Amino acid sequence: MYMYYGITMVFFTVFWVCHIYIYINNMTLFIFYHVSYQNVTPFLCIIIALHSVEYHVLPCDICIINCILLLQVTVRDALNQAMDEELERDERVFLLGEEVAQYDGAYKVSRGLWKKYGDKRIIDTPITEMGFAGIAVGAAMAGLRPICEFMTFNFSMQAIDQVINSAAKTYYMSAGRQSVPIVFRGPNGASAGVAAQHSQCFAAWYGHCPGLKVVSPWSAEDARGLLKSAIRDDNPVVFLENELMYGVPFEMSEESQSKDFLIPIGKAKIERQGNHITVVSHSRMVSLCLDAAAVLAKEGIECEVINMRTIRPLDAEAIETSVMKTNHLITVEGGWPQFGVGGEILARIMEGPAFNYLDAPAVRVTGVDIPMPYAKILEDNSVPQIKDIIFSVKKTLNA
Amino acid sequence: IGYGLLTSRFLSDLCKCDLHKLEEGPPLQAVLTREEGLQYYRTMQTIRRMELKADQLYKQKIIRGFCHLYDGQEACAVGIETGINLSDHLITAYRAHGYTLTRGGTVREIMAELTGRRGGIAKGKGGSMHMYTKHFYGGNGIVGAQVPLGAGVALACKYLGNNEICVCLYGDGAANQGQIFETYNMASLWKLPCIFICENNKYGMGTSVERAAASTDYYKRGDFIPGLRLDGMDVLCVREATKFAAEHCRSGKGPILMELQTYRYHGHSMSDPGVSYRTREEIQEVRSKSDPISMLKDRMLSNNMASVEELKEIDVEVRKEIEDAAQFATTDPEPPLDDLCNHIFYNDPPMEVRGTNPWTKLKSVS
């Protein structure tokens, strides 16, 4: 009995870190937190171990590795798993981009995939975005299902002609003869300290174009379900990730662990119910909105936080339904204000049934209308902060 | 007279190709059979007459927008197609009517697309520059963008292991595009089965090759990619070179580059008279000395492979086919308005598309 107990403890201390233990009656409750290792997903586990010597029970009763109470997965790992599963499911799926293979991905999103699938399916490209994006589109036209990674979407500007003119428009121009089942993915928007040329948000640019679907996940579950949907979609999908979200862990429901877990493109999710004001956001800003909502809740203001999940097609109906309930609206995004995602949402609300329900003008919270500066104090003040969201909510409610 | 006196096959001398990083080139002789000769003649003549008819219709304002005509370059499209299989793949730029035909489109569909009718090969939604058939990826409007696409098609061929290749065409103007060099690099690195073909018609719109390129040896511009340069007005030369190149690709050696020296009689497009940057004498000289159709005709007649009447008969048949097609193209109705928003996404449920104002909601199906 002791030996079994001892061996299990050794095993777990190698890969697990014991955070706390509670001594209850004659039993010690050990709570372990898994340290993320390669592709093994972390989860919390409760081990009930018998502490007392007098207790005579069979080994199988002693160390009960309890059911997985919570599954915590980072956005990075969720993306990785999604790609892994889709690569396994469909032979025609392959990944190409800079450093995706032997380097395991510039941000380690494709870690382990080259080792598993090899050169044929995980392809390192030279630093030639226009060329390899075009190659990816051509491969999609000829029957494969490429995932084309841009190291960041800033570099997609070099290849934007291929995304728009070769991918997005082709199904229409050919009157349905030629489809382009491709996913363009990579980090989008502001990061930390990377300055002006590496911080642009492209949601509005790509969201502008018919023929594209544009997706912007926030949580790990979003990342997983939406990436799988994007890869299975027979059309060009621009998949906007966020570098600052890659390392953030989220709880994943059991349902979301299924290999066929898909989140439909084009449907928003209400992350937090509320009655006083609708707060619409996408990507990393959803985190800030939820934090702001928590603070506001203490003052009795209940925000309904909507995670857009998809930029195009925009789920205007979800936003309208919410606005018709709360009568107030703000949008929150990291990108620049002019001609942006918030602008589109406000225009749709104006044009749609929800306008008459507004008790105050809807407003946008956006990044500051400047190229991104480097110095931390300047950078911090270039993107919406929680206080800006709180301020805008209060202003809207008091208007 | 009798056809019995005609030669059924003839061994023709071919032009010698200039070679780059190649030990050997295509053969210097090739057999042309009577059937082949007649078929090439018919197809080239069809392209010629189709393009001239398009010229007419454009001047009557029945064709609008862009119209880039291929007359003069027929030997390229026909020669290339005879060097590959229909199961292979091909992509080109906007001077694409000839290739749409050789890749399986009909004259009717092509002309109706030019006139923007529902019977067009792209249902009237693409126009001159956006025609597609099976294993033919257009028709591409952005200069040079088709080259990486073609290499991507070749990547798919290699990936799927189907022994197919991709012919990827571009012009002397496009040859200076950066993305083409990016493509050379990747195609060579990954040994993609891609034949890059530069149709050098000496002018990129109004700019002659000498004024646009520091090196006009386009067949060498692939640097580490082996290349050959040949007379693009001789359909047999083009055929043999294409066969040679296809064999190179299929054997896994990677990409190869061909430069076809050719000429277009029309200006860059219908809005370019084509005489401000070149002389009429130059155009006339090419017409009289190097016309691809005349060259083939002379070759067949002088080797007793066809009779004058026979070829005339083909001319008459072709003319009739073009007339019928033009008739169709001018009488077929335009696409219905409810087709406006269709074909945005493939395999998607029907969706709503915003019209020009918020009250107009249009329907879109896949």
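Hydrogens, waters and symmetry mates play no part in the numbers below; they use all other heavy atoms, side chains included. As the structure is a prediction and not an experimental result, all values here were calculated from the model.
Note: Tyr171(A) and Tyr346(B) have tilted aromatic rings, judged against thresholds of 30 and 60 degrees for the angle between ring planes.
Distance OG/Ser174(A) to CE/Met131(B): 13.0 Å, rounded to 0.5 Å. Within the model, atoms CE of Met186(B) and CG of Leu96(A) stand 8.5 Å from one another, a figure rounded to the nearest 0.5 Å. From Leu155(B), atom CG reaches atom CG of Leu144(A) across 7.0 Å, with rounding to the nearest 0.5 Å. Annotation: the span from Asp348(B) atom CG to Asp233(A) atom CG amounts to 5.5 Å, rounded to 0.5 Å. With rounding to the nearest 0.5 angstrom, the CZ atom of Arg177(A) is 11.0 Å from the NE2 atom of His343(B). In this structure, CG on Leu149(B) lies 9.5 Å from CD1 on Ile135(A), to the nearest 0.5 angstrom.
Within a 6.0 Å sphere centred on CE of Met205(B), heavy atoms belonging to other residues, nucleotides or ligands number 12 at most. Within 6.0 Å of NZ in Lys267(A) there are 12 or fewer heavy atoms belonging to other residues, nucleotides or ligands. Phe181(B) CZ: more than 12 foreign heavy atoms inside a 6.0 Å radius. No more than 12 heavy atoms of other residues, nucleotides or ligands shown are found within 6.0 angstrom of CZ on Phe66(B). Annotation: Tyr103(A), atom OH; neighbour count of heavy atoms from other residues, nucleotides and ligands within 6.0 Å does not exceed 12. More than 12 heavy-atom neighbours from other residues, nucleotides or ligands sit within 6.0 angstrom of CG on Leu189(B).
Nearest heavy-atom pair, Lys123(B) versus Ala175(A), reported as atom, atom and distance to 0.1 Å: NZ-O, 3.5 Å. A pairwise comparison of heavy atoms in Asp161(A) and Ala145(B) identifies OD2-CB, 3.6 Å as the closest pair.
Heavy atoms closer than 4.5 Å to chain A are found in the side chain of Leu160(B), but not in its backbone. For chain A, the nearby parts of Ile344(B) are the backbone and the side chain; heavy atoms of each come within less than 4.5 Å. The part of Ile123(A) that comes within reach of chain B is its side chain, from C-beta onward, which places non-hydrogen atoms under 4.5 angstrom from that chain. For Lys213(A), the parts lying under 4.5 angstrom from a heavy atom of chain B are both the backbone and the side chain. Residue contact with chain B, scored on non-hydrogen atoms closer than 4.5 Å, involves the side chain of Asn165(A) exclusively. Only the backbone of Glu129(A) comes within contact range of chain B, with at least one heavy atom under 4.5 Å from a heavy atom of that chain.
Between chain B and the options Pro313(A), Gly266(A), Gly211(A), heavy-atom pairs under 4.5 Å are most frequent for Gly211(A). In terms of heavy-atom pairs under 4.5 Å with chain A, the best-connected choice from Asn347(B), Asn357(B), Ile142(B) is Ile142(B). Most heavy-atom pairs under 4.5 Å with chain A: of the set Val147(B), Asp339(B), Ile121(B), this distinction falls to Ile121(B). Taking Ala159(A), Pro126(A), Pro146(A), Gly131(A) one by one and counting their heavy-atom pairs under 4.5 Å with chain B, the maximum is reached by Gly131(A). With respect to chain B, the highest number of heavy-atom pairs below 4.5 Å among Met141(A), Arg92(A), Gln162(A) belongs to Gln162(A).
Annotation: side chain of Trp190(B) is not in contact with side chain of Asp119(A) (no heavy-atom distance under 4.5 Å). Residues Arg354(B) and Glu351(A) form a side-chain contact, since some pair of their non-hydrogen atoms from C-beta on lies under 4.5 Å apart. The closest side-chain heavy-atom distance from Glu182(B) to Met130(A) is below 4.5 Å. Two residues are said to be in side-chain contact when any heavy atoms from C-beta on lie closer than 4.5 Å; Tyr132(B) and Thr170(A) meet this criterion.
Checked by atom type, the side-chain pair Arg121(A)/Tyr159(B) shows a donor-acceptor distance below 3.5 Å.
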